[in-house]
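Each chain gets a letter, A, B and so on, in the order the sequences are listed, and its residues count up from 1. Given the structure is predicted, the values throughout are model-derived calculations rather than measurements.
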Protein chains: 2
Amino acid sequence: MAKIDEVAKAAGVSISTVSYALSGKRPVSPSTRRRIEAAVRELGYSPNAGARMLAGSRTQIFALTEPLRTDSHAPTHMSFVLATAIAARRHDYDVLLLTDEQASAGMGRVASSGLVDAILVLDVAPDDERVALSRRVSTPTVFIGVPDDHEGLVCVDLDFESAAELAVDRLADAGHTRIGLVGQPEVAYEKSNFPPRLRRASERRAAERGASLTFRASGTRTSHAATSRSAVSEMLASGVTAILIHAADDVHNAVLAELDERGLRVPEDISVVSVAASFDTSALSVPLDVIPLQPEPSCDLAVALAIRSLTDDPPLPGLHLIAPTLIDRGSVAAPRSH
Amino acid sequence: MAKIDEVAKAAGVSISTVSYALSGKRPVSPSTRRRIEAAVRELGYSPNAGARMLAGSRTQIFALTEPLRTDSHAPTHMSFVLATAIAARRHDYDVLLLTDEQASAGMGRVASSGLVDAILVLDVAPDDERVALSRRVSTPTVFIGVPDDHEGLVCVDLDFESAAELAVDRLADAGHTRIGLVGQPEVAYEKSNFPPRLRRASERRAAERGASLTFRASGTRTSHAATSRSAVSEMLASGVTAILIHAADDVHNAVLAELDERGLRVPEDISVVSVAASFDTSALSVPLDVIPLQPEPSCDLAVALAIRSLTDDPPLPGLHLIAPTLIDRGSVAAPRSH
DNA sequence: TTGAAAGCGGTACCAG
DNA sequence: CTGGTACCGCTTTCAA
């Protein structure tokens with residue numbers, strides 16, 4: 001709770017010198033710098049946040065808006081929140097949590113009160129109402145996810161289209177012509193932005209490669225296991241030789257359990273690839289080839305863009321997509337010739 | 001981005017009158033108040049956060065510290081974070097997320113920079129390092145959870161001891177003398193504060209009621225299902241007629257699946273009670289009697305205490321425990337006489 | 001019931 | 001390389 005003038009006195013310098021020594025915005029001789037640093041340490045000085053905001057016009061705070069949708073996968077969601085907070089801290093930013101109260105009023109509030117320097121938008125819906133809001137406020141906004149109408153917005157995300165193509169190609173290259181896609185719960189295809197993107201791109205690519213693609217959603221939250229197992233049954237019955245999974249870990253477990261129960265080995269009898277999984281697929285009963293969905297790259301980039309949008313060289317609006325990578329764990333092989 | 005002096009001019013009053021009209025800390029005549037409110041609306045005025053902090057010395061921000069422990073149950077954790085944020089907003093407070101970077105340095109930082117008015121501590125460990133920190137800083141701190149050494153701290157939590165007693169009594173009253181407790185994963189008994197509290201209290205109460213209590217942890221995150229099912233098997237083998245579950249939803253499912261597979265009906269053949277569940281037990285295949293662990297009461301109280309600790313009548317240090325309630329869903333009956 | 005003005009604790013410009 | 005000081009925008013005493 002010491003103030004800057006006390007530090008100045010203790011170090012025998014002026015207030016401005018202390019300020020500059022701390023911000024580094026002006027050269028300070030090594031000797032005075034040392035004295036100042038010593039004084040800072042002695043007094044446990046830490047600049048007052050409010051004063052800094054007022055004088056500086058940088059708050060060092062980002063808002064993170066997240067709708068409290070009950071259907072979004074909590075562990076995945078949390079990992080994005082954490083990754084964002086950590087990325088922000090690396091750049092000396094704190095994160096203010098906005099849980100989308102009444103119609104994202106929070107966004108307007110923090111923007112117009114100058115509480116935050118930028119806004120990060122998480123868990124984006126296809127028709128997200130925060131899109132309109134972000135266009136109204138002057139506070140720079142970065143979307144982590146891609147809404148349908150993203151004109152003029154800065155959006156960061158995994159390139160789900162490429163991820164889908166990569167996955168389909170992987171199977172097609174191995175010779176598969178009948179592919180099954182076990183997807184997210186139905187609701188995710190309406191409320192979330194990336195499941196439809198991944199599904200459409202998979203279907204498109206499969207067609208391009210001359211393969212058939214059978215899609216099945218993975219039921220509701222409580223019926224994951226049962227729904228996914230019956231989806232697998234149907235797929236097998238229709239001659240599918242390879243399965244793509246875009247779903248939570250429990251669905252993966254259910255699919256693998258079903259295959260196991262039928263005595264089907266991976267990859268000898270059937271190939272399996274996990275797309276955009278946000279958990280560790282090597283911990284499954286059968287390690288799966290995966291194109292991981294990692295929070296870090298997206299969140300790091302989002303933070304970087306937010307910071308850059310505070311400079312005189314702001315990022316261009318548009319999609320900043322992260323290239324997917326495929327991790328080979330040996331769960332893909334050529335289809336059984338029969 | 002309008003400023004207070006513009007509002008004052010527009011309303012034809014002084015700056016101070018605008019300030020008072022908005023804060024309500026001084027009577028303002030209805031007519032001027034109306035003019036001011038109109039001006040505020042016209043200009044879209046919203047007081048600058050930094051200036052307010054500096055002049056007022058209230059930031060209207062709470063810090064929420066959460067360690068990024070990988071073993072804590074994400075959905076439960078998130079529901080506490082959300083409940084806290086919502087409770088805070090109801091009192092015009094925003095929440096700053098501190099993800100326990102290097103040794104809770106964040107707590108010290110936000111405290112000494114005066115960025116927040118109070119600190120809320122989540123996901124408390126028995127030997128939480130944040131306890132020592134909270135004693136060092138002058139910023140009021142409220143723990144949601146009870147660390148081993150909680151002297152002088154303000155702690156809020158469900159009364160897990162009473163919850164355990166309530167659950168055991170429920171079964172004992174029905175005539176059960178052999179009770180099984182399917183608990184959390186092992187790690188939770190070291191890293192988290194409430195599982196041991198619940199376990200100890202259950203054992204104590206069972207002893208008081210002349211019943212035996214067999215405890216089994218529910219394995220690691222990935223082996224929930226298998227471990228819990230074998231736990232149930234062993235318990236049944238040792239003559240248990242009632243099961244207490246203190247675990248996540250998948251463990252509940254596993255236990256019920258195991259019972260079902262053995263042809264045991266609830267409650268005719270075996271009684272089951274869920275303790276401190278943070279999900280809806282009525283959605284299980286068999287609706288279970290439950291003593292719910294709800295985030296809202298704890299988080300609301302924590303926020304209320306934080307606010308009160310900013311007044312001249314701060315809350316007394318100590319445990320603020322929330323009384324548990326039992327919801328009867330018909331999963332308990334008298335043991336089968338054989 | 002209202003106004004004037006002194007801070008709150010920094011930042012950054014203008015001098016030296 | 002260092003000092004003096006005018007703000008930043010609001011809250012709150014002190015006066016009227």
Side-chain angles (χ1 to χ4, degrees), chain A residues 1-37 39-40 43-61 92 109-117 310 312, chain B residues 1-37 39-40 43-61 92 109-117 138 310:
Chain A
M1 294 285 125
K3 304 184 305 175
I4 198 172
D5 57 334
E6 311 184 36
V7 176
K9 203 161 302 167
V13 295
S14 73
I15 288 182
S16 48
T17 301
V18 174
S19 178
Y20 283 120
L22 262 39
S23 70
K25 292 186 181 175
R26 193 167 84 170
V28 171
S29 80
S31 66
T32 48
R33 142 157 290 122
R34 239 190 311 287
R35 298 214 313 287
I36 291 175
E37 279 165 358
V40 164
L43 292 101
Y45 169 72
S46 168
N48 178 280
R52 230 173 170 173
M53 291 187 195
L54 184 54
S57 58
R58 273 283 181 288
T59 70
Q60 299 296 107
I61 300 178
D92 251 295
R109 189 167 46 77
V110 298
S112 60
S113 68
L115 216 199
V116 305
D117 291 339
L310 264 24
D312 43 11
Chain B
M1 293 285 125
K3 305 183 305 174
I4 198 172
D5 58 333
E6 310 184 36
V7 176
K9 203 160 303 167
V13 296
S14 72
I15 289 181
S16 49
T17 302
V18 175
S19 178
Y20 284 120
L22 263 39
S23 70
K25 292 187 181 174
R26 191 166 86 171
V28 170
S29 79
S31 67
T32 50
R33 141 158 291 123
R34 238 190 312 287
R35 298 212 315 284
I36 290 175
E37 279 163 357
V40 165
L43 291 97
Y45 170 72
S46 166
N48 178 279
R52 227 171 172 176
M53 290 187 195
L54 184 54
S57 59
R58 272 282 181 290
T59 69
Q60 299 297 108
I61 300 177
D92 251 295
R109 188 167 48 76
V110 297
S112 61
S113 69
L115 218 199
V116 305
D117 289 341
S138 58
L310 263 26

Checklist entry - Going from CD1 on B:I61 to CG on B:D92, what distance comes out if it is rounded to the nearest 0.5 angstrom? => result 12.0 Å
Item to check | Contact list for DNA chain C against residues 28-37 of chain B - heavy-atom distance below 4.0 Å | outcome: B:V28, B:S29, B:T32
Checklist outcome for this item: One should read off an interatomic distance between A:Y20 OH and A:I15 CD1, to the nearest 0.5 angstrom, of 12.5 Å
Item to check | Gap separating the NZ atom of B:K25 from the OG atom of B:S19, nearest 0.5 angstrom | outcome: 8.0 Å
Checklist entry - Are A:R35 and A:T32 close enough that some pair of their side-chain heavy atoms sits under 4.5 Å apart? => result yes
Item to check | Contact pattern, 5' to 3', of nucleotides 9-16 of chain D - B, S or - by protein heavy atom under 4.0 Å | outcome: BBBBBB--
Checklist entry - Can you find a heavy atom in the side chain of B:M53 that is under 4.5 Å from one in the side chain of A:L115? => result yes
Checklist outcome for this item: d(B:K3 NZ, B:N48 CG) to nearest 0.5 Å is 10.0 Å
Next on the checklist: Rounding to an integer number of Å, can you tell me how far B:K9 NZ sits from C:dT2 P?
Outcome noted: 19 Å
Checklist outcome for this item: The reported gap from CG in A:L54 to OG1 in A:T59 (rounded to nearest 0.5 angstrom) is 12.5 Å
Checklist entry - Which whole-number value in Å describes the distance from A:L43 CG to C:dG10 C1'? => result 16 Å
Item to check | A:S46 side, atom OG; A:L22 side, atom CG - distance, nearest 0.5 Å | outcome: 9.5 Å
